[in-house]
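One structure is given here, and the rest of the page talks about it.
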Amino acid sequence: MDKSRDISRLLEIMAALRTPGTGCAWDLEQSFSTIAPYTIEEAYEVADAISHGDREDLREELGDLLLQVVFHARMAEEEGAFDFGGVVEAITDKLIRRHPHVFGDVGDLTPDEVAALWGKIKAEEKRLKAGRNPHAAAGSSPLAARTLARVKSGRPALSRALELQKAAGEVGFDWNDIRAVLAKIVEESHEVAEAVATGRRDRVEDEIGDLFFVMVNLARHAGVDPETALRGANAKFERRFAYVEDGLAARGRAPGQASLAEMDALWNEAKTKGA
């Protein structure tokens, strides 16, 4: 098959992959729920390409992300719900609706005025959406639904925790001192230790989840984006572990052939050197 810059070609390829009898067995057995994790993964890979400043990698990763949109749209078309054109129509309509200062007669606005107008339009969109789906989640009070319903359930847990905390904080349910958050971390750490002592995996999982949630709260109160902080920690771990591997390689060994004490010594050496 020839390469193409035409979106219609990509739609044709996706349709062929999803055609029973002649398509791809793996693609045919997928559903919205099985593809969703790949959609999230591809979005992160776009962000990773941006952080590395690799434009060719970014071009490729954006293509992978576009494929996710096309995949979901094709499955929706098979159900008779909507097609790719409907996706384009929805975002086109939204962009025009949210930019009346560009496409309407509102006139020139400052950046702050644009942000305020955007928020007002989004609130109206939310009200209309609630009218189409008025029932709140089972077991939830109407107030709780109004406060937290805007935080989408399908987003990654780390960013969702942050948004849930922001939403609750906006209505006054929040700590007013970062030291209280630090005290809560100590409390949750003790509860993790107690759970570990029971040997019950479900309790350990529950308490570790609480600890993660409070750590996100600490980042929020410190004005730090937890995702950015964790990405930085990941990068630091990669650098220091690479230093350990290089140090061992210079001695003719691999990590699996070295003692933990030897690897720890190289790790501390990497820290001392600022790796």
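No experiment lies behind these values; they were computed from the predicted model shown. When a residue number appears, it is its place in the shown sequence, counting from 1.
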(Q) Any carboxylate oxygen within less than 4.0 angstrom of a Lys/Arg side-chain nitrogen, looking at R231 and E227? (A) yes
Q) Given the rule in the side-chain hydrogen bond (donor to acceptor under 3.5 Å, both in side chains) test, do D6 and S8 qualify, once you have shown the distances and angles that lead to the verdict? A) CA-CA 5 Å; D6 191 339; S8 63; 2.9 Å; yes
Q) With a cut-off of 6.0 Å (strictly less than), are more than 12 heavy atoms of other residues, nucleotides or ligands near CZ of F212? A) no
Q) Hey, mind stepping through H221 and D177 against side-chain hydrogen bond (donor to acceptor under 3.5 Å, both in side chains) and telling me if it holds? A) CA-CA 8 Å; H221 279 268; D177 189 335; over 6 Å; no
Q: Answer yes or no: does atom CG of D108 have more than 12 heavy-atom neighbours from other residues, nucleotides or ligands under 6.0 Å?
A: no
Q. Charged N to carboxylate O below 4.0 Å: is that the case for E188 and K184?
A. yes
Q: Report the relative orientation of the aromatic rings in F237 and F241; use parallel for angles under 30°, tilted for 30 to 60°, perpendicular for over 60°.
A: parallel
**Q.** Neighbour count above 12 (heavy atom, 6.0 Å) for N234 CG
**A.** yes
Q. Does D27 come within less than 4.0 Å of R74, counting only side-chain N to carboxylate O?
A. no
Q.
Applying salt bridge (Lys or Arg N to Asp or Glu O under 4.0 Å) to R201 and E205, what does each step give before you reach the verdict?
A. CA-CA 6 Å; R201 184 182 179 280; E205 181 178 288; 3.2 Å; yes
Q) Between the main-chain N or O of D264 and the side-chain N or O of N268, is there a donor-acceptor pair closer than 3.5 Å? A) yes
(Q) Take a 6.0 Å sphere around CD of E89 and say whether it holds more than 12 heavy atoms from other residues, nucleotides or ligands. (A) no
Q: Could you tell me whether R251 and E262 make a salt bridge, using a distance below 4.0 angstrom between a side-chain N and a carboxylate O?
A: yes
Q. Within a radius of less than 6.0 Å around CE of M14, do more than 12 heavy atoms belonging to other residues, nucleotides or ligands occur?
A. yes
Q. Considering residues, nucleotides and ligands other than Y38, do more than 12 of their heavy atoms fall under 6.0 Å from its OH?
A. no
(Q) Between R59 and E56, does any NZ, NE, NH1 or NH2 come within less than 4.0 Å of an OD or OE carboxylate oxygen? (A) yes
Q. L65 and L67: same hydrophobic cluster, using ILVMFWY side-chain contacts below 4.5 Å?
A. no
Q. Is it true that E12 and R9 make a salt bridge, defined as a side-chain N closer than 4.0 Å to a carboxylate O?
A. yes
